[in-house]
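Below is one structure, written out as structure tokens; comments come after it.
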Amino acid sequence: MSGSAVFWITQLLNALQYSMLLFLLSIGLTVIFGLLHFVNLAHGALYAMGAYIGISLALRTGSYWVALVLAPVAVTLIGVVLYLLLIRRLRHAGPLSQVLVTFGLIFVFLDVIRILWGDIALGMDPPAALRGMTSIFGVRYPTYRLFIIGMGILIMVVLLVTLARSQIGAMIRAGVENDQMAACLGINVERLFFAVFCLGCALAGLAGVVAVPVLSATPGMGTDILIPALIVVVIGGLGSLHGAILGSFIVGFMATIGAVLLPGINSVLIFAALAAILVFRPQGLIPARG
Amino acid sequence: MFRQTPIRTGAGIALIAGLAIHASRGGYFDREIVIEIAILAMLAISLDIVAGFGRMISLCHGAIFGLAAYGYGTAIVKFGLPPSTGLVIGIALAIAFGALVGAICAGTVGIFYIMATLAFGQIAYVLIFESRWLGGDDGMTGVRRMDLSLIGLNMRDSLTFALVCLAVLVLVYIAAAVVLRSSFGRTLSGIHANEARMRAVGINTRMHKTAAFAFSAALAGIAGVLKAQHTMFVSPELLFWTLSGEVLIIVILGGIGTLIGPAIGATLLVLLKHEVSHYTVYWHVVVGAVLILAVLAGGRGLFGEFEYRLARWRARRRARRGTGGAADA
Amino acid sequence: MRDTSAPPPILEVRGLDKSFGGIHVTRRVSLALAPGERRVILGPNGAGKTTLFNLLVGELRPGAGEIVFLGQPITRLSVPARARLGIARSYQKNNLFEELTIRENLALAAAASLGDTRSFFRDCFRNPELRAIVDEVAEQVFLTEILDTEVRNASYGNRRQLEVGIALAARPKLLLMDEPTSGVGPGMIEGFNRMMQALPRSLSMVIIEHDMDLAFDVADRITVMNQGEVVFEGAPAETRDNATVREIYLGDWQGHA
């Protein structure tokens with residue numbers, strides 16, 4: 001196989017892997033917006049917390065797998081506290097208040113991380129089973145990154161099937177479409193919202209742990225990923241699961257492949273796409289409401 | 001609807017006098033702080049014009065500020081133009097960018113407005129960050145201050161520069177107050193209160209909002225040009241969205257829609273940052289917590305809350321007098 | 001054939017169609033309004049009356065049809081452009097400047113009508129012409145006593161008056177009123193009747209109204225709509241006797257009247 005084919009396949013896999021991270025993060029953002037009409041800028045901070053808690057858990061227990069399971073649980077607990085203290089109160093407070101309070105939370109979490117874990121970047125090894133390289137499509141690619149891609153696809157499929165087929169999926173769709181109507185149909189909207197919020201937090205935490213062996217953890221990692229995740233959500237359509245999937249691929253590929261083809265200009269293109277969507281098609285590419 | 005009440009005038013005079021005294025009595029470090037406060041206060045006032053009186057929550061005022069700084073710096077460093085020309089170029093660049101962003105975003109509302117302005121601000125940031133010619137992320141050194149020796153001012157002197165900044169801050173405030181009390185400002189306040197109804201009585205609200213945004217950008221541009229002169233150095237960080245976020249925080253903490261409140265907010269935030277940094281490097285957690293509490297307390301901000309309580313107290317007193325009078329009769 | 005001695009209509013609507021997702025909310029609506037005419041539109045809920053208003057002021061775009069105002073086609077003009085030509089409306093649900101005083105509410109509309117909205121220095125609120133309009137309108141809608149009350153502290157009835165007041169302060173040639181008496185008691189309906197009777201005869205009006213006594217008192221002509229269509233048009237006296245109108249609508253009101 002020619003060198004350039006190897007290069008491009010590697011790049012495509014990188015793009016796919018980044019898309020999956022963005023996807024895990026944007027699910028929470030978009031569903032929380034779609035159901036709760038809440039703009040949670042602190043979602044990136046939950047991702048960072050997942051990463052750091054994962055590192056600590058892996059160090060204590062010596063097992064990546066324990067961290068992979070428990071860190072999302074811990075992040076969900078943090079999310080529950082935030083929900084009870086702040087988010088529930090601000091649900092009807094208007095976007096400015098929501099943006100400001102969650103912006104304040106970003107600041108708080110930034111320093112909490114610096115206090116607990118320090119300012120330097122922390123890394124973590126992938127588990128023994130996932131170290132090394134695997135041959136795929138004729139290129140050798142890090143096994144751990146393939147694991148991220150596989151897990152992302154698995155979660156994507158599970159969520160899609162759940163949303164389309166199950167009763168809870170139907171309830172969520174009804175809630176996004178019209179929450180008052182859903183409440184009239186006897187759906188306990190508050191409990192449903194809360195459950196979805198918890199799921200969003202857990203996925204953000206999961207994205208954090210999973211990312212560490214590739215990206216390593218820094219206090220600013222939550223803020224760094226927040227903007228691309230927001231772009232994913234807006235481009236796809238606020239509140240739309242299908243939109244989040246499409247948006248993750250668009251942003252993931254524009255960021256990775258664009259960096260090769262048009263270094264420097266690619267992030268301008270991403271922001272330009274965001275601005276164009278906001279101005280001309282604010283409901284996004286795949287709107288949540290029919 | 002904007003009102004220049006005696007309390008606002010008094011608070012403004014006290015603030016400026018306090019800062020001027022602090023600069024003239026204090027040392028070099030105090031003057032640096034006063035300059036930082038004055039520049040940030042201008043930026044906060046400019047944001048309050050659109051956010052507090054036109055319901056346009058901008059997250060690109062940092063970018064406007066930074067573009068003006070770069071316009072000034074580039075004119076001097078790259079083109080060898082005199083600083084006075086740089087001043088015009090910097091402010092013109094800010095107005096042009098503000099008018100463009102304002103016009104494109106004028107049709108969006110709420111969270112979409114916030115994110116659209118964020119996107120345009122980040123575009124400006126990335127373009128400058130990626131420009132080798134402008135020094136990339138290293139920025140650009142060698143930015144001179146303006147030469148005002150003709151009117152007997154030595155801008156290299158830190159006290160003189162601090163006092164000039166305070167004087168410009170006063171002018172920026174007056175310009176904002178005059179415009180907010182003008183026909184244009186009244187109509188903008190109407191759009192703030194109910195944009196749909198303003199359209200229904202014949203106002204082209206998109207054009208009006210665009211003009212307001214451009215005016216606000218001009219004031220942010222003045223702040224940016226002063227910033228470039230203060231540090232004599234420009235870097236892409238000036239355009240990054242977190243600065244826009246910080247200015248928005250200042251406006252909220254000071255009191256959105258009060259005009260003088262944001263200037264007070266800028267003062268307090270800069271002082272807080274420096275005070276807290278004596279004790280701990282973790283000032284973010286303090287600012288974050290204060291911000292959350294301020295929003296939960298009603299979001300009126302420091303000066304807004306003060307005015308709100310004062311108005312309530314006055315109303316109660318009037319009511320008591322009213323019932324007392326009725327009992328007499 | 002049109003009578004050539006009659007003045008041309010101030011407003012002419014031809015074949016106005018609007019549908020949402022295949023459902024027609026107005027269907028081939030046509031009407032002509034003579035200068036100074038007061039037209040009341042009757043019809044059950046969902047007849048398309050408010051949609052017609054939204055089409056007339058430009059808040060909705062029709063699928064087909066044409067609107068001519070003062071001899072000029074305005075179908076493609078924006079909301080503010082139509083308002084500047086002289087069309088003002090009041091809303092069925094209060095649509096006011098809540099955080100401002102009643103005086104400021106009227107003044108903002110008056111400033112728009114005077115075109116005094118652009119100066120960066122002069123204050124339109126000090127403009128004597130504007131003050132004259134505010135005082136005049138305040139008297140027309142009985143709000144002179146409470147001009148400096150903030151809207152959020154005003155009673156519901158006063159807000160309904162202000163709703164019409166803002167439209168009047170825009171100095172329209174054509175005033176569209178969408179159920180001005182919606183939600184107010186019988187005593188106030190009488191007040192609205194007096195208010196409308198006292199408005200200058202030169203002002204053309206279209207009024208959506210559910211109170212029959214008020215409607216028959218005010219109207220020069222009556223248009224009845226049902227399911228998006230105009231089903232009847234005529235003088236008030238003819239309306240009561242028309243069989244179609246009785247069938248779809250009046251049966252309901254005879255019980256109340």
Side-chain angles (χ1 to χ4, degrees), chain B residues 1-4 49 52-55 95 106-107 174-212 214-216 218-219 256-258 299-300 304 307-308 311-312 314-315 318-319, chain C residues 53-54 57-59 77-91 94-101 103-127 130 150-153 162-163 165-172 176 178:
Chain B
M1 198 62 61
F2 178 71
R3 288 180 189 87
Q4 183 61 38
I49 292 172
F53 297 93
R55 215 167 284 279
I95 294 175
I174 292 174
V178 166
V179 168
L180 287 174
R181 261 206 312 192
S182 70
S183 303
F184 180 85
R186 303 290 190 199
T187 303
L188 184 65
S189 296
I191 294 172
H192 186 88
N194 188 343
E195 181 168 354
R197 192 68 196 248
M198 286 306 270
R199 282 170 58 76
V201 297
I203 302 295
N204 184 340
T205 55
R206 290 190 106 178
M207 204 125 92
H208 213 88
K209 283 163 83 177
T210 304
F215 170 67
S216 162
L219 300 187
I256 188 169
T258 64
R300 282 181 284 267
E307 286 191 327
Y308 173 75
R312 244 189 5 184
R314 279 180 176 165
R318 222 175 347 202
Chain C
F53 269 21
N54 288 337
V57 299
E59 283 170 30
L77 292 185
S78 69
V79 173
R82 293 185 203 194
R84 282 196 295 274
L85 286 177
I87 301 178
R89 79 174 283 190
S90 73
Y91 292 79
N94 285 336
N95 190 2
L96 310 168
F97 305 100
E98 291 285 332
E99 64 224 57
L100 306 181
T101 65
R103 185 193 301 279
E104 287 166 341
N105 270 259
L106 296 176
L108 285 171
S113 72
L114 292 170
D116 186 0
T117 58
R118 292 191 183 162
S119 170
F120 269 46
F121 301 101
R122 206 183 51 243
D123 178 4
C124 56
F125 282 15
R126 291 168 194 269
N127 181 342
L130 176 141
E150 278 179 33
V151 171
R152 57 182 158 203
N153 298 326
L162 179 60
E163 185 54 56
I166 291 175
L168 282 173
R171 292 271 138 142
L176 311 175
D178 193 347

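Because only heavy atoms are used, hydrogens play no part in the values below, and waters and symmetry mates are left out as well, while side chains stay in. Note that the coordinates shown come from a computational prediction; the quantities given were computed from them, not determined experimentally. In what follows, chains carry the letters A, B, and so on, assigned in the order in which the sequence lines appear, proteins first and then strands, with residues in each chain numbered from 1.
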Out of the candidates C:T117, C:D123, C:D116, only one should pair with B:R186 under the side chain to side chain donor-acceptor pair (under 3.5 Å) rule; please name it. C:D123

Let me confirm one number: the CG-CZ distance from C:N95 to B:R197, rounded to the nearest 0.5 Å.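 Going from CG on C:N95 over to CZ on B:R197, the span is 5.5 Å.
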
From CE (B:M207) to CZ (C:R118), nearest 0.5 Å: 5.0 Å

Considering all heavy atoms, the nearest [X]-[Y] contact:
{"X": "B:I203", "Y": "C:P80", "answer": "O-CB, 3.4 Å"}
{"X": "C:F121", "Y": "B:S182", "answer": "N-CB, 3.7 Å"}
{"X": "B:A193", "Y": "C:L100", "answer": "CB-CD1, 4.2 Å"}
{"X": "B:M198", "Y": "C:F97", "answer": "SD-CZ, 3.5 Å"}
{"X": "B:S183", "Y": "C:C124", "answer": "OG-N, 3.0 Å"}

Stepwise, does the side-chain contact (heavy atoms from CB on, under 4.5 Å) test hold for C:F125 with B:R181? CA-CA 9 Å; C:F125 282 15; B:R181 261 206 312 192; over 6 Å; no

Tell me the residues of residues 105-114 of chain C whose non-hydrogen atoms fall below 4.5 Å from those of chain B, in number order. C:L108, C:A109, C:A112

Check for a donor-acceptor pair, side chain of B:N194 on one end and backbone N or O of C:L96 on the other, with a separation under 3.5 Å. yes

Tell me whether C:R84 contacts the main-chain N or O of B:G202 through its side chain, where contact means a donor paired with an acceptor under 3.5 Å.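 Such a contact is found between C:R84 side chain and B:G202 backbone.
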
Counting only heavy atoms closer than 4.5 Å, note whether [X] contacts chain B via side chain, backbone, both or neither.
{"X": "C:L130", "result": "neither"}
{"X": "C:V57", "result": "neither"}
{"X": "C:A167", "result": "both"}

Audit row: B:R199, C:E59, side-chain contact (heavy atoms from CB on, under 4.5 Å) steps and yes/no: CA-CA 10 Å; B:R199 282 170 58 76; C:E59 283 170 30; over 6 Å; no

Would you please classify the geometry between the B:F215 ring and the C:F120 ring as parallel, tilted or perpendicular, with 30° and 60° separating the classes? perpendicular

If you count heavy-atom pairs under 4.5 Å with chain B, which of C:R126, C:R171, C:E104 comes out on top? C:E104

